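Everything on this sheet refers to the single structure shown next.
Proteins get letters first, then strands, A, B, ... in listed order; numbering begins at 1 in each. Side chains are part of it too, since the values below use all heavy atoms of this structure and drop only hydrogens, waters and symmetry mates. Just so it is clear, the structure is predicted and the values come from calculations on it, not from any experiment.
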2 protein chains.
Amino acid sequence: MSPARARTSRAAIVAAARDLLEADGLEAVTMATVAARVGVKPPSLYKHVRDRAALLAALATDTTEELGRVLAQVDDSPAEPPEIRLRALAGAFRDFARRSPRASAMLFADLGPGVHAPVEAAGLAVRPVIEVTTALVGPTAALPAARVLTAFAYGFTSMESAGAFRLGGDVDEAFRLGISTLAEGLRAAGH
Amino acid sequence: MSPARARTSRAAIVAAARDLLEADGLEAVTMATVAARVGVKPPSLYKHVRDRAALLAALATDTTEELGRVLAQVDDSPAEPPEIRLRALAGAFRDFARRSPRASAMLFADLGPGVHAPVEAAGLAVRPVIEVTTALVGPTAALPAARVLTAFAYGFTSMESAGAFRLGGDVDEAFRLGISTLAEGLRAAGH
DNA sequence: ACCTGAACACCGTTCAAGT
DNA sequence: ACCTGAACACCGTTCAAGT
């Protein structure tokens, strides 16, 4: 008797995977390296995650949920003008992307069939953006405006952490330019 | 004597890799599947590419060069107003991304250490964008403006092909909104 | 000069057997 | 109920041997 007590957990496994991802890239996230990091043998992981694809999906979900908490905390003063709130959200997302660049690049990426954060987590993370665009352009135009802002911020930070800006110049300035232009332009368009 | 004549080529290998990538995703691009598709055994590939990472880099380069040709061909009438040229470039990029969604998502992505298209190919592909932003906002502000446009278009198409827009609504409209907003907003800001 | 078969280390995954 | 060792198919890569 005395069945084996859990020596690890799903949360610890996901955290280990995220650490390995940020440290050494996605190809370094193997069942063996993750298992070693949480102190078990590879087969034991299958008691906590279905397979590697499910582990990556859980990693994406974890990242999405953390981002959702960060953005919700940043956007806690709806009395501010929407442009100010938007700049704060964008800045927080960029900081998040710099803290977890590889996990952030996976937020909206194609990770194989059915491998992405569930709609609930994604919806929750994007909610602050939609709330701000609602204040900015009204409820009917809020979704496309949020998509535009998200696409820009995600594309920019993904390119940045991949080292895709290789022509010199001030990268910070370009990010601020994008957010400012979109904030003002969307407001002007969305009467 | 009569040393073995090449039964395949680097170009054929890259093309096979791209086909496999678009058909079944990056994890389906193995040395074995690529070799089978070009009609050789896996070890033969190493006479043409250093390793799998180099093959993926060559794939990214090939994609970047093709995009460069497409964009250069689209932007062949510098007499048009920059907003029109910009819309044409953006539309061509989106078409390209829909034709080769997985390869396009790799254009500016982190594919491992040193695995991305060389600066020359990337610079050539982005040249039409910089030329248009030069016409739009002047030479000093052209680079950040081009970065903003590229980040938006790349982020948007990557999200789109990954299936990240899951809240309904008109995705085409959102793309047009982004390009219009940026074209007008950047011009207004870049006197 | 390129191709192949054989070989190796590694990876994801399964499963019977332990506690 | 979770853990492990052993096993399997597969993958990237090397290399000696073919032509």
Side-chain angles (χ1 to χ4, degrees), chain A residues 1-61 102 106 110-116, chain B residues 1-61 102 106 110-116:
Chain A
M1 40 198 80
S2 95
R5 282 280 278 160
R7 216 162 296 175
T8 184
S9 68
R10 188 177 162 93
I13 289 167
V14 171
R18 272 191 67 174
D19 288 347
L20 286 164
L21 171 69
E22 294 303 345
D24 299 314
L26 190 55
E27 71 189 3
V29 183
T30 71
M31 301 307 265
T33 56
V34 171
R37 194 167 245 264
V38 298
V40 298
K41 303 294 173 185
S44 299
L45 298 181
Y46 293 83
K47 288 289 164 186
H48 302 273
V49 295
R50 186 160 31 82
D51 51 23
R52 185 174 182 265
L55 173 55
L56 298 186
L59 196 165
T61 302
R102 295 203 233 244
M106 289 172 60
D110 179 18
L111 304 171
V115 182
H116 40 53
Chain B
M1 38 198 80
S2 94
R5 282 279 278 159
R7 217 162 296 176
T8 185
S9 68
R10 189 178 163 92
I13 289 166
V14 171
R18 272 191 67 176
D19 287 348
L20 287 164
L21 171 69
E22 293 303 345
D24 300 313
L26 190 55
E27 71 189 1
V29 183
T30 71
M31 300 307 266
T33 57
V34 172
R37 195 167 244 264
V38 299
V40 298
K41 302 294 173 185
S44 300
L45 298 181
Y46 293 84
K47 288 289 163 182
H48 302 273
V49 295
R50 186 159 32 81
D51 51 23
R52 185 174 183 266
L55 173 56
L56 297 186
L59 196 166
T61 302
R102 292 184 158 123
M106 289 172 61
D110 179 18
L111 303 172
V115 183
H116 40 53

Next item on the list: Please determine if a side-chain N or O atom of His48(A) lies less than 4.0 Å away from the OP1 or OP2 oxygen of dA1(D).
Entry: no

Notebook entry, point to check: Among the nucleotides dG12(C), dT4(D), dT13(D), which one has an atom lying closest to any side-chain atom of Met31(B)?
Noted result: dT13(D)

Next item on the list: Please determine, for the side chain of Pro43(A), which listed nucleotide (dG12(C), dG5(D), dT13(D)) has the closest atom?
Entry: dG5(D)

Notebook entry, point to check: Given Leu55(B) and Met31(B), is the side chain to side chain contact (heavy atoms under 4.5 Å, CB included) satisfied, shown in steps?
Noted result: CA-CA 9 Å; Leu55(B) 173 56; Met31(B) 300 307 266; 4.3 Å; yes

Next item on the list: Return the value, rounded to whole Å, for the distance between atom CD of Glu27(B) and atom P of dC10(D).
Entry: 15 Å

Next item on the list: Starting from P on dG12(C), measure out to CZ on Arg50(A) and report it in whole angstrom.
Entry: 15 Å

Margin query: Rounded to whole Å, please give me the gap between CZ in Arg10(B) and P in dC2(C).
Written below: 13 Å

Check: Counting only Watson-Crick or G-U wobble pairs whose two distances fall under 3.5 Å, which nucleotide matches dC10(D)?
Finding: none

Notebook entry, point to check: Going from NE2 on His116(A) to CG on Asp110(A), what distance comes out if it is rounded to the nearest 0.5 angstrom?
Noted result: 8.0 Å

Checklist line | Nearest-angstrom distance from the residue atom CG of Leu26(B) to P of dC11(D) | finding: 13 Å

Margin query: Nearest 0.5 Å, please: how far is CG in Leu59(A) from CG in Asp19(A)?
Written below: 9.5 Å

Next item on the list: Can you tell me the distance, in whole Å, between the NZ atom of Lys41(A) and the C1' atom of dT19(C)?
Entry: 17 Å

Next item on the list: Tell me which nucleotide among dC11(D), dC3(D), dT13(D) gets nearest to the side chain of Tyr46(B).
Entry: dT13(D)

Notebook entry, point to check: dC2(C) phosphate, OP1 or OP2: any side-chain N/O from Arg7(B) under 4.0 angstrom?
Noted result: no

Next item on the list: Name the pairing partner of dC3(D), where a pair is Watson-Crick or G-U wobble with both distances under 3.5 Å, or state none.
Entry: none

Item checked: Leu21(B) side chain reached by Leu56(B) side chain, heavy atoms, under 4.5 Å -> no

Next item on the list: To the nearest 0.5 Å, tell me how far Met106(A) CE sits from Leu111(A) CG.
Entry: 4.5 Å

Notebook entry, point to check: Taking any strand in view, what nucleotide pairs with dA17(D) in a Watson-Crick or G-U wobble way, both distances under 3.5 Å?
Noted result: none

Item checked: Ala6(B), nearest nucleotide to its side chain (from dC2(C), dC11(C), dT13(C)) -> dC2(C)

Note to self: At less than 4.0 Å, is any side-chain N or O atom of Arg5(B) found next to OP1 or OP2 of dC2(C)? Yes or no.
What the structure shows: no

Notebook entry, point to check: To the nearest Å, how far apart are Arg52(A) CZ and dT13(C) P?
Noted result: 8 Å

Next item on the list: Give a yes/no answer on whether the side chain of Ser44(A) brings an N or O atom under 4.0 Å of OP1 or OP2 in dC2(D).
Entry: no

